[in-house]
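Every chain is numbered from 1 and lettered A, B, ... according to where its sequence line falls, protein lines coming before strand lines.
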Protein chains: 2
Amino acid sequence: MLTVVLIGTGNVAGHLYHKLVQSKTVQLVQVFGRSSEALLPFSKVATTTKYKDLYAADVYIIAVKDSAIAAVSLQLKSVKGIVVHTSGTQPMHLLTNTKIGVWYPLQTFTKDKEVDFKSIPFLLEANDQVSLETLKTLAKVFTENIHLVNSEQRKQLHVAAVLVNNFSNHLFYWAEELCKEQNLPFEILLPLVKETVAKLDMISAKEAQTGPAKRNDTETIQKHIELLKQPLQKKIYQLMSESIIATYEKKL
Amino acid sequence: MLTVVLIGTGNVAGHLYHKLVQSKTVQLVQVFGRSSEALLPFSKVATTTKYKDLYAADVYIIAVKDSAIAAVSLQLKSVKGIVVHTSGTQPMHLLTNTKIGVWYPLQTFTKDKEVDFKSIPFLLEANDQVSLETLKTLAKVFTENIHLVNSEQRKQLHVAAVLVNNFSNHLFYWAEELCKEQNLPFEILLPLVKETVAKLDMISAKEAQTGPAKRNDTETIQKHIELLKQPLQKKIYQLMSESIIATYEKKL
């Protein structure tokens, strides 16, 4: 059976742990964390705070913040298994081990909200074919939605992920605040939010675009900018509108 | 039975028509359009291209573009029913009739994509209580999700709707383009998009925020800006990140 050591005790590590301990095809043999306290939620398997006590395993999953990946990789110099990181932004060759790879679940993980891994795409990369097959087997514990993606592609996908997740969510937050100011529940907007996304199953975002900027309705755009209070919001509204206008102008 | 005349043959009018002709509590008696050709899809009821031939009805729904509402209202000077418009941006008093109101379905209507009205909020306003009750009855043909919202509130909600629908959708488009450049299917990002929205049923957008800007990870932000090609996109990425950083800084 494929054996795995998990390095890290954060948000992503937690979600991976919960799924891995249930697996019948992969055995999570150990979790490494910097403090015994942080390791408490991982107590269904062996844990350690010392790199020298790491078990032998087929795969070492580094699930730590990006800035710590290189240092962890150095600590794993002597291991024989494949060393992978789980980052969307970092190149594979940040890892300095012999057998390396990237094993990146493209999803937003929130603490305390369970994740349905089945639909989550895993983006895989490895420096040899055998390792890649092993990483596929490991990903299949979570999903059938597996893609082979090189570091260049993954970097760009991560930008795209920031746009569709982080920035959209910030717009939702901003809308929440506007509702609050008017004593209206944000729930009023949820059907619209859901329809916006539901459309993407049927038509492209390009085709789905509507609104004042799409119509080049500069009067409404100006009114909206006047209504907004913060200078930064005004600027973003202006630029987003310009970008939409430019998108549809150039294709006419 | 409540009788209704529909003014307009566009996207919104089309969606309203399809639902109204099926109603057993409201009777759509006529549709007005500027050309006989545009009226063809509305042939299940009487149609006219002349204001002087309008039927008497309890409610006249003006579903035309914002800039034409005032002119249509003038044409309806002699009608006895309630005159309403369906715009999110325009004040009620743009209408110059005696009994007036706003009857605004807060949704994005795409041609050829059927709309499930049940979940759509209708935002209502009227200049007297009896008219308001009539507009409620009319809205109930479509949904139970009915809100009384004044012009000021509706204006702000419309800005919020632009943010959550138009701007989010533009970010999705932009992500589609980034995927295309790397020969990756946009479908890779759909689970992330869906999870972003699914979270809103459980936690606020404020709590759901993740990503480089939330972490104030300026290195990743800079890398992403360098990866983007268009100056306008770079600027928007920068400002959205600044706005996220500012949101979480000030609350610490």
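For B/L239, the parts lying under 4.5 angstrom from a heavy atom of chain A are both the backbone and the side chain. With a 4.5 angstrom heavy-atom cutoff, A/T220 touches chain B only via side-chain atoms. Of the two parts of A/Q153, the backbone and the side chain both hold a non-hydrogen atom closer than 4.5 Å to a non-hydrogen atom of chain B. Residue A/I188 touches chain B through both its backbone and its side chain, counting heavy-atom pairs closer than 4.5 Å. Both the backbone and the side chain of A/M240 come within less than 4.5 Å of a heavy atom of chain B. With a 4.5 angstrom heavy-atom cutoff, B/V115 does not touch chain A via any of its atoms. For chain B, the nearby parts of A/K199 are the backbone and the side chain; heavy atoms of each come within less than 4.5 Å. When heavy atoms are compared at a cutoff of 4.5 Å, A/E187 does not approach chain B at all. Within the 4.5 angstrom heavy-atom criterion, atoms from both the backbone and the side chain of B/L157 approach chain A. For chain B, no part of A/S67 is nearby; none of its heavy atoms comes within less than 4.5 Å.
The distance from the NZ atom of A/K223 to the NZ atom of B/K155 is 7.5 Å, given to the nearest 0.5 Å. The distance from the CG atom of B/L192 to the CG atom of A/L106 is 5.5 Å, given to the nearest 0.5 Å. We find the CG-OG1 distance between A/N11 and B/T210 to be 9.0 Å, quoted to the nearest 0.5 Å. With rounding to the nearest 0.5 angstrom, the CG atom of A/L163 is 8.0 Å from the CD atom of B/Q233. A distance of 6.5 Å separates CD in A/Q230 from OG in B/S243, rounded to the nearest 0.5 Å. The CH2 atom of B/W174 sits 11.0 Å away from the CD1 atom of A/I244 when rounded to the nearest 0.5 Å.
A 4.5 Å side-chain heavy-atom check between B/N169 and A/L200 finds at least one atom pair inside the cut-off. A/F167 has its side chain within reach of B/S241: a pair of non-hydrogen atoms, C-beta onward, lies under 4.5 Å apart. Contact of the A/H224 side chain with the B/H158 side chain is registered, since non-hydrogen atoms from C-beta on lie closer than 4.5 Å. A heavy-atom distance below 4.5 Å is not found between the side chains of A/E242 and B/I236. Residues B/L228 and A/V159 have side chains in contact (heavy-atom distance under 4.5 Å, counting atoms from C-beta outward). Side-chain contact check for A/V162 versus B/Y237: some heavy-atom pair is nearer than 4.5 Å.
Comparing B/K65, B/E207, B/K214, B/E181 by how many heavy-atom pairs each has under 4.5 Å with chain A, the most go to B/E181. With respect to chain A, the highest number of heavy-atom pairs below 4.5 Å among B/S168, B/P212, B/G211 belongs to B/S168. No other option in B/I203, B/L184, B/L190 has as many heavy-atom pairs under 4.5 Å with chain A as B/L184.
Other residues, nucleotides and ligands place no more than 12 heavy atoms under 6.0 Å from the CD atom of B/E219.
At least one donor-acceptor pair under 3.5 Å links the side chain of B/Q209 to the backbone N or O of A/N166.
Annotation for A/P191 and B/S119: closest pair CG-O, 3.1 Å, computed over non-hydrogen atoms. The minimum heavy-atom distance linking A/A205 with B/Y173 is given by the pair CB-N, 3.4 Å.
No side-chain N or O of A/Q107 forms a donor-acceptor pair with one of B/E195 less than 3.5 Å apart.
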